[in-house]
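Encoded as structure tokens, the structure appears first; notes follow it.
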Amino acid sequence: MNRSFSSVSRSWVLALGVSLSLLSGVCLAERAPMDPLPTPSGVDVPKNLSAIPNGTQAQSQPANSAPASGPIWESANSDPLNYVSIPDKQAGVLIQRSGQQWRLIRNGIITVYGGWLLALAFFGIIAMYTLKGSIKLHAPVSGVKIKRFNGFDRLVHWTMAGSFLALAFTGLLILYGKFFALPLMGGMAYGSFLMLCKSVHNFTGPLFTLSIVIFFFLFVRKNIFGEGDMAWLLSFGGIFSGKHVPAGFFNFGEKFWFWFGMVFLGLTISASGFVLDMIVPFMDVQYWRGTMQLANIIHSSGAVLMTAMAMGHIYIGTIGMQGSIDGMKTGYVDATWAKEHHEIWYNKINK
């Protein structure tokens, strides 16, 4: 009995000693000085550049005309391409230096500042609604309906809106999901969920692009800058004064969203998305890693900016303004709403 007890005791003491030794080693390792991290180019450069012998830098960075730590658009696809006998010619690039730069831009600038931009847009809308509430009509609803959009207009709009929401939701999960979904779901479940999001994102993209092109041709003439736009711009739509500024079929804010948000950002995101999906039509594109990294930066930046702008558009088109959603919901708007928000258009159709 005593031998059994002493044997067990020695085992426990030995295990405790090993555990404490390992713990102390880990603590010392954490406190130990670390070597500096490698540069983004993957090549460690001494602090004293004059100490480098002549020809050493040329040997370590052959055919590298741009600085190794320069912007990604200067060094993408600029690495020396060596000969390989296999079909994958990218295997001839031993170290793709711009990959580290892409990682820093995506995980640093785009993720961090993009997150702040989306948060500011979201909480700015909440503050606006809390302080001012919904923009109400100054006169009672007349009950007289005026046709604003036909059935095809609304079909294209809601197709574009639905595909955008699907793209924004899945895109934000791809960009930010690892920070909140991964700890909750676990690695395997999150990986499967992310693959589903990626598939939805990839197959919804062409539908979004097609709806943008059709919507552009439907409403491009009504979004030409004209009467009332400068007055709307100078007064910022009367959002602070509370006075409605006369506008045509679309006001300046809607036209800005049309040209910059939908056309420029929408088509830029679509084009870069086609590169990422490797489905660019009518062009011979070499889908090198550097090309894909540039496309990813453009795609992510444009998508975050468009999502922030879309928050304002969705807010004004729903709870932010009384009667604004009626046009796209039923195709008709009340005469009082048309006169207050689009007086120039209202006067033209009632001549």
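Residues: numbered from 1 along the sequence shown.
Closest non-hydrogen pair, S211 versus S163, comes out as OG-OG, 4.2 Å. M306 and F208 get closest at one heavy-atom pair: CE-CZ, 3.7 Å. Heavy atoms only, all atoms of each residue included: I212 and M160 are closest at CG1-SD, 3.8 Å. The two atoms that bring M309 and W257 nearest to each other are CB-CZ3, 3.6 Å, heavy atoms only. Heavy atoms only, all atoms of each residue included: A295 and L276 are closest at CB-CD2, 3.9 Å. Here the closest heavy-atom approach between residue R154 and residue K329 is recorded as NH1-O, 3.5 Å.
Counting heavy atoms from C-beta outward, I319 and S134 have side chains that stay 4.5 Å or more apart. Using a 4.5 Å heavy-atom threshold, the side chains of Y332 and R148 count as separate. The closest side-chain heavy-atom distance from I146 to W345 is below 4.5 Å. Contact annotation: the side chain of I269 never approaches that of L167 to less than 4.5 Å [non-hydrogen atoms, C-beta and beyond]. Using a 4.5 Å heavy-atom cutoff, the side chains of E340 and Y346 are not in contact. Within the 4.5 Å cutoff, the side chain of F249 has no heavy atoms near those of the K348 side chain. In this structure, R106 and L175 have side chains that are in contact, with non-hydrogen atoms separated by less than 4.5 Å. By the 4.5 Å heavy-atom criterion applied to side chains, L165 and I314 are counted as neighbours.
Using a 30° and 60° split on the angle between ring planes, F216 and W259 fall in the perpendicular class, above 60°. Using the six-membered ring where Trp is involved, F260 and F256 have ring planes that are parallel, under 30° apart on the 30 and 60° scheme. Using the six-membered ring where Trp is involved, F219 and F149 have ring planes that are perpendicular, over 60° apart on the 30 and 60° scheme.
The local environment of CZ in F180 is crowded, with over 12 non-hydrogen atoms from other residues, nucleotides or ligands closer than 6.0 Å. The neighbour count for Y287 OH, taken as heavy atoms of other residues, nucleotides or ligands under 6.0 Å away, is above 12. Residue F122 places its CZ atom among 12 or fewer non-hydrogen atoms of other residues, nucleotides or ligands, all under 6.0 Å distant.
Here the CE atom belonging to M328 is positioned 10.5 Å from the CG atom belonging to L155, to the nearest 0.5 angstrom. Within the model, atoms CG of N347 and NZ of K339 stand 7.5 Å from one another, a figure rounded to the nearest 0.5 Å. Going from atom OG1 of T291 over to atom CE of M278 covers 10.0 Å, rounded to the nearest 0.5 Å. Distance CZ/F250 to CG/N223: 5.5 Å, rounded to 0.5 Å.
Panel note: side chain D153, backbone N150; a donor-acceptor pair is recorded below 3.5 Å. Between the side chain of D229 and the backbone N or O of G226, at least one donor-acceptor pair lies under 3.5 Å. Not one N or O on the side chain of W337 forms a donor-acceptor pair closer than 3.5 Å with the backbone of V141. In this structure a side-chain-to-backbone donor-acceptor pair under 3.5 Å is present from D334 to G143. Of the possible donor and acceptor atoms, one in the side chain of K255 sits under 3.5 Å from a partner among the backbone N and O of I224.
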Check the pair M311 / L118 against side-chain contact (heavy atoms from CB on, under 4.5 Å), numbers first and verdict last. CA-CA 9 Å; M311 289 183 185; L118 294 174; 4.1 Å; yes
Working note: F274 + T209, criterion side-chain contact (heavy atoms from CB on, under 4.5 Å); need CA distance, chi angles, decisive distance, verdict. CA-CA 10 Å; F274 284 0; T209 304; 3.9 Å; yes
Can you list the steps and then say if N296 with W102 is a side-chain hydrogen bond (donor to acceptor under 3.5 Å, both in side chains)? CA-CA 9 Å; N296 180 263; W102 165 79; 3.0 Å; yes
Begin from the C-alpha positions of V245 and F252 and carry the test side-chain contact (heavy atoms from CB on, under 4.5 Å) through to its verdict. CA-CA 10 Å; V245 182; F252 179 83; over 6 Å; no
Kindly determine whether L207 and T159 satisfy side-chain contact (heavy atoms from CB on, under 4.5 Å), including the steps that lead there. CA-CA 8 Å; L207 178 63; T159 301; 3.9 Å; yes
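Counting only residues at least two apart or in different chains, side-chain hydrogen bond (donor to acceptor under 3.5 Å, both in side chains) contacts with residues 299-324 comprise S272-H299.
Checked options I110, V112, L305; the residue passing with L117 is L305 (criterion: side chain to side chain contact (heavy atoms under 4.5 Å, CB included)).
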